[in-house]
Amino acid sequence: MDKLYDITLIKGILQRYGFSFSKGLGQNFIINPSVCPKIAEYGVPDESYGVLEIGPGIGVLTNELCKRAKKVVAVEIDKRLIPVLGETLSEHKNLAVINDDVMKLDLNDLIKREFGDMPVSVCANLPYYITSPIIMKLLEDKLDVTCITVMVQKEAAQRLCAMPGSRDCGAVTISARYYCEPEMLFKVSAGSFMPAPKVDSAVIRLNVRKEPVITPKDEKTLFKVIKAAFLQRRKVLPNTLAAGLSISKSDAEKIIEKAGVDKSARAEQLSMEEFCKIADSTYDYFTCSK
Ligand code: SAM
């Protein structure tokens, strides 16, 4: 259905199904007609693609994805929306809707089962309450996808696309950059949604790396160090690492010294390579002291 931007039509459909918006599930549906075609243009590299969508809502973005992709699989947690989607997207034979919580699914298994040999991308207007956990799950599960195109809160987009060493940089910046090359695409105003959220949004694309940009001795230690370093971002590294890794300040200093990193630096000033060196030195500290 192409008129899913029409507020009167949407309200009529939702009323018929007795649907009311759930703030807790981050339900802000797109009503600006120019937004979804643009997201779908970036989100579907070509017509051979299978696309995994998270949170189709009433299907306004799904509709655009189905027009461009070979197959779309949309995962929606809210069972009240399943019959709505059955009506709004009935013309698309290349769509499968799964009623589940994306955080609980084995996405590698789903991708193999649903898309077979197709190249795959992820595309979504993400529920804001759970943006970072979803993105980290998509990346940490090492899905066989080429890119992840998502609309998120503007501040989250800025953080994800920040350069390491810049003020906007956070744990999620470094973790995301380990797996992908982030790209800021375009901003979307709060008035483009129903109901309108309090903040503006932005669409970003995470282009998944074929080869890692750094190769730590142990990935788990790298992520532990990143989290620990940003736990108290105003503090210098020895203090924040000591607290985050439950070690003494003098041991934290030794780890940082061995890594050849400046002890007076703060997490937001470090490059990817410096995080990798601290992670390797932390790994040696824990494995050698056992
Ligand atoms: N794609 C629609 C659009 O752009 O208008 C709706 C986007 S709305 C921001 C987020 C959607 O994600 C809602 O439909 C919500 O029910 C769904 N959702 C929230 N948490 C989810 C989860 N854990 N797993 C799957 N879907 C979820």
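Counting starts at 1 for both ligands and their atoms, following the listed order. Note that the numbering runs from 1 along the sequence shown for the chain.
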Exercise. Report the part of A124 (side chain from C-beta onward, or backbone N, CA, C, O) that has a heavy atom under 4.0 Å from ligand 1; answer both or neither where that applies.
Key: neither
Exercise. Decide whether a cation-pi geometry holds between K38 and F186; the criteria are a distance under 6.0 Å from NZ or CZ to the six-membered ring centre and an angle within 45° of the ring axis.
Key: yes
Quiz item: Is there a donor in the side chain of D262 and an acceptor in the side chain of S264, or the other way round, less than 3.5 Å apart?
Solution: yes
Exercise. Give yes or no for whether the N/O distance cutoff of 3.5 Å, strictly under, is met between V102 and ligand 1.
Key: yes
Practice problem: Go through ligand 1 atom by atom and flag the ones less than 4.0 Å from a non-hydrogen atom of G26. | Solution: 8 (S), 9 (C), 10 (C)
Practice problem: Would you tell me whether Y5 and N32 have side-chain atoms, one donor and one acceptor, within less than 3.5 Å of each other? | Solution: no
Quiz item: With atoms numbered from 1 as shown, which atoms in ligand 1 lie under 4.0 angstrom from a non-hydrogen atom of V60?
Solution: 3 (C), 5 (O)
Quiz item: Could you go step by step and tell me if Q27 and D78 meet the side chain to side chain donor-acceptor pair (under 3.5 Å) rule?
Solution: CA-CA 10 Å; Q27 290 176 341; D78 190 342; 2.9 Å; yes
Exercise. Say whether, by atom type as modelled, one donor and one acceptor occur between the side chain of D100 and the main chain of V102 under 3.5 angstrom.
Key: no
Exercise. Report yes if G55 has an N/O atom closer than 3.5 Å to an N/O atom of ligand 1; otherwise report no.
Key: yes
Exercise. Name the orientation class of the two ring planes belonging to Y178 and F223 (parallel below 30°, tilted from 30 to 60°, perpendicular beyond 60°).
Key: perpendicular
Quiz item: Is D78 in polar range of ligand 1, meaning some N or O pair under 3.5 Å apart?
Solution: no
Quiz item: What atoms in ligand 1 come closer than 4.0 Å to a heavy atom of V75?
Solution: 25 (C), 26 (N)
Quiz item: By number and element, which atoms of ligand 1 are closer than 4.0 Å to a non-hydrogen atom of D101?
Solution: 22 (C), 23 (N), 24 (N)
Quiz item: When you measure from atom 16 (O) of ligand 1 to each heavy atom in E76, K104, E64, M194, which option holds the nearest one?
Solution: E76
Practice problem: Just jot down the ligand 1 atoms closer than 4.0 angstrom to any heavy atom of Y129, in number order. | Solution: 19 (C), 20 (N), 21 (C), 23 (N)
Practice problem: Output the list of atoms in ligand 1 that are nearer than 4.0 Å to some heavy atom of Q27, sorted by atom number. | Solution: 13 (C), 15 (C), 16 (O)
Quiz item: Heavy atom under 4.0 Å from ligand 1: found in M151's side chain, backbone, both, or neither?
Solution: neither
Exercise. Could you tell me whether the side chain of T240 and the main chain of A229 form a donor-acceptor pair under 3.5 Å?
Key: yes
Exercise. Can you sort out which atoms of ligand 1 are near D100, meaning under 4.0 Å from one of its heavy atoms?
Key: 24 (N), 25 (C)
Quiz item: Going through the checks in order, is the side chain to side chain donor-acceptor pair (under 3.5 Å) test met by Y17 and E87?
Solution: CA-CA 11 Å; Y17 286 92; E87 176 175 334; 2.6 Å; yes
Quiz item: Within the structure, does I30 bring an N/O atom to less than 3.5 angstrom of an N/O atom in ligand 1?
Solution: yes
Practice problem: Find all atoms of ligand 1 within a distance of less than 4.0 Å from any non-hydrogen atom belonging to E53, and give their numbers and elements. | Solution: 1 (N)
Practice problem: Show the numbers, then the answer: is there a side chain to side chain donor-acceptor pair (under 3.5 Å) between S48 and D46? | Solution: CA-CA 6 Å; S48 68; D46 66 54; 2.5 Å; yes
Practice problem: If a pair satisfies salt bridge (charged side-chain N to carboxylate O under 4.0 Å, His left out) and one of its residues is in residues 211-232, list it, with sequence neighbours excluded. | Solution: K142-E219, K217-D284
Quiz item: Which of these, I54, N125, I130, has its nearest heavy atom closest to atom 3 (C) of ligand 1?
Solution: N125
